[in-house]
Each structure stands twice: as structure tokens, then as C-alpha cells.
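Taking it in order: structure first as C-alpha cells, then the write-up.
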Amino acid sequence: MYQSVKKIEHISLKNIGLFGNCITSNNQKYKLCWGLDTRQIALLENEEYVFTIDNLFYVTNADIAENGTVIVSGSYNKESKSDTILICNKLGEKIFSQKVNSKIYNLSISESGNFCVVQNSNSMTSESDSGKLFIIDVINQKIISKFVSALGWADDYKFCEEEDKIQFIYSDNTIEYSLQGECLE
């Protein structure tokens, strides 16, 4: 079964003073919200507040799994040329964190919360992080592959963990990779 990038909505959570963006898990159980001009994220489970992380970074990308695992990226300074990736469990506990020397273009997490894909932009400051895809094994808390996609930046991602692969969806093409970064086409 494949799963794809979720739609971002605008939301107001007056009870915690947060107005911003929100993304909902595919099973509709969890919502991850982040402020538009704040350094705060909040997780809701079945519309009930679970946790808030304040003084994080300015979130620019986020996704949420069906088990409440979240991935967010952003920078501490809006003019920064680098971003930080943070993955937390549904209790707000950090599972994984990594700074990359470029801005994050897009990201996605599998329904199970076991794998993430992060695709960053081109960088003038770091050749090693420029235009790369990172596939992260959340369970083992490590990057399992880092490579340049044959077709550039994907519009969407679809995980198929049962078959150990991920599809990168482009406007007029699709390409499959193993979760270890091997092109399957």
C-alpha cells in the first residue's frame, strides 16, 4: 500500500495561542500544527491537545504518521542557508535530529512512522548536502541513504514498506527507489 504527501490547512488553536498551519495524519487521528511566525509546534490526538514544543525553530515543512510520529524542518534564523530536521514521537520526545547545510525542499513520513524522506534544495555553501535526498530509518535513528534523484525534486512521495521501496512522483513521471537509495528503474 502506498501513501502520499498530506494537505496543509490553516488553523487557529486559541486555547494555546497558536495560529498557523496544520497537517492531519491519514487515519485522521492526529493533527500537527505549527505557528506561522512562531517557533512552536503542537500535537493533537482526536482533537485533544497532547503536547507543545516551544522555542523550536521556524517550521517550514512538516508531516505526521498514523502513530503520531512527526517530522518537522526549519531554521532558527529565517535568513539561514541551513535547516534542521527533527523527528519526535507522539509524546514530544526527540527521536532524531540532524542539521543539513541547505534548505529543505520537501519531506514525508511513512504511515507507520518508521521511515522518512527529506529532499533539500541546492546549496552554495555545501556540496555534500546540495540537492540531496535523505532516507531516514526512524526506528534505528539514522540516515540510511543520501543521494541525488535522477529526476530532481519530487512533487510527492509514496512509501511501500512491505516491498522496501519508495516512489518519487513528478508531474509527468514516477521513479522507484529502495529504502536504501538504490534506483529500481
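Start at 1 with the first residue, then count along the sequence.
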**Prompt:** So, for Tyr157 and Phe168, is the gap between ring centers shorter than 6.0 Å?
**Reply:**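 Yes: the rings meet the under 6.0 Å criterion.
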**Prompt:** Strictly under 6.0 Å, is that where the ring centroids of Phe147 and Tyr177 end up?
**Reply:**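 When the ring centroids of Phe147 and Tyr177 are compared, they turn out to be within the sub-6.0 Å range.
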**Prompt:** If you round to the nearest 0.5 Å, how far is OG of Ser75 from NZ of Lys99?
**Reply:**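 Going from the NZ atom of Lys99 to the OG atom of Ser75 covers 10.0 Å.
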**Asked** So how far is it from Ile23 CD1 to Asn61 CG, rounded to the nearest 0.5 Å?
**Response**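 Ile23 CD1 to Asn61 CG: 9.0 Å, rounded to 0.5 Å.
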**Request:** Report yes or no: does Glu176 contribute a side-chain atom to a donor-acceptor pair with the main-chain N or O of Lys165 at less than 3.5 Å?
**Result:**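 No, the answer is negative, given that no donor and acceptor are paired below the 3.5 Å cut-off.
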**Prompt:** Do side-chain atoms of Asp137 reach the backbone of Gln141 as a donor and acceptor pair under 3.5 angstrom?
**Reply:**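 Side chain of Asp137 to backbone of Gln141: no pair is present.
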**Request:** Please list, chain by chain and in numerical order, all residues satisfying side-chain contact (heavy atoms from CB on, under 4.5 Å) with Asp172, sequence neighbours excluded.
**Result:**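 Result, side-chain contact (heavy atoms from CB on, under 4.5 Å) vs Asp172: none returned.
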**Message:** Can you list everything that forms a side-chain contact (heavy atoms from CB on, under 4.5 Å) with Gln180? Sequence neighbours excluded, please.
**Reply:**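 Here the qualifying residues are Ile144, Asp164, Ser178.
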**Message:** Taking salt bridge (Lys or Arg N to Asp or Glu O under 4.0 Å) as the cut-off, I'd like each qualifying pair that reaches into residues 48-60, sequence neighbours left out, listed once.
**Reply:**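 Every pair satisfying salt bridge (Lys or Arg N to Asp or Glu O under 4.0 Å) with a residue in residues 48-60: there are none.
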**Asked** Going hydrophobic residue to hydrophobic residue with side-chain gaps under 4.5 angstrom, can you get from Val50 over to Trp34?
**Response**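 Yes: a chain of side-chain contacts under 4.5 Å links Val50 to Trp34.
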**Asked** Between Ile8 and Phe57, is there a shared hydrophobic cluster once you connect ILVMFWY residues whose side-chain heavy atoms come closer than 4.5 Å?
**Response**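 Result: yes, single cluster for both.
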When you compare the side chains of [X] and [Y], does any donor N or O come within less than 3.5 Å of an acceptor on the partner?
X      : Y      : value
Tyr49  : Thr52  : yes
Asn27  : Ser25  : yes
Glu161 : Ser110 : yes

Looking at [Y] and [X], is any side-chain nitrogen of the basic one under 4.0 Å from a carboxylate oxygen of the acidic one?
X     : Y      : value
Lys31 : Glu45  : no
Lys29 : Glu66  : no
Asp83 : Lys103 : yes

**Prompt:** Which is it for Ile169 and Ile175 under the side chain to side chain contact (heavy atoms under 4.5 Å, CB included) test, yes or no, and what are the steps along the way?
**Reply:** CA-CA 7 Å; Ile169 313 295; Ile175 191 166; over 6 Å; no
**Message:** Minimum heavy-atom separation for Ile95 and Cys88, please, with both atom names.
**Reply:**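 It is CD1-C, 3.8 Å.
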Mind checking side-chain hydrogen bond (donor to acceptor under 3.5 Å, both in side chains) for [X] and listing every partner two or more places apart, or none if nothing turns up?
X      : answer
Thr84  : none
Asn173 : none
Ser82  : Ser80

**Message:** Walk me through whether Leu43 and Lys90 qualify under side chain to side chain contact (heavy atoms under 4.5 Å, CB included).
**Reply:** CA-CA 8 Å; Leu43 181 72; Lys90 73 175 196 171; 4.0 Å; yes
**Message:** Are Ile71 and Val138 packed together at the side-chain level, in the sense that at least one heavy-atom pair is separated by less than 4.5 angstrom?
**Reply:**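 Not in contact.
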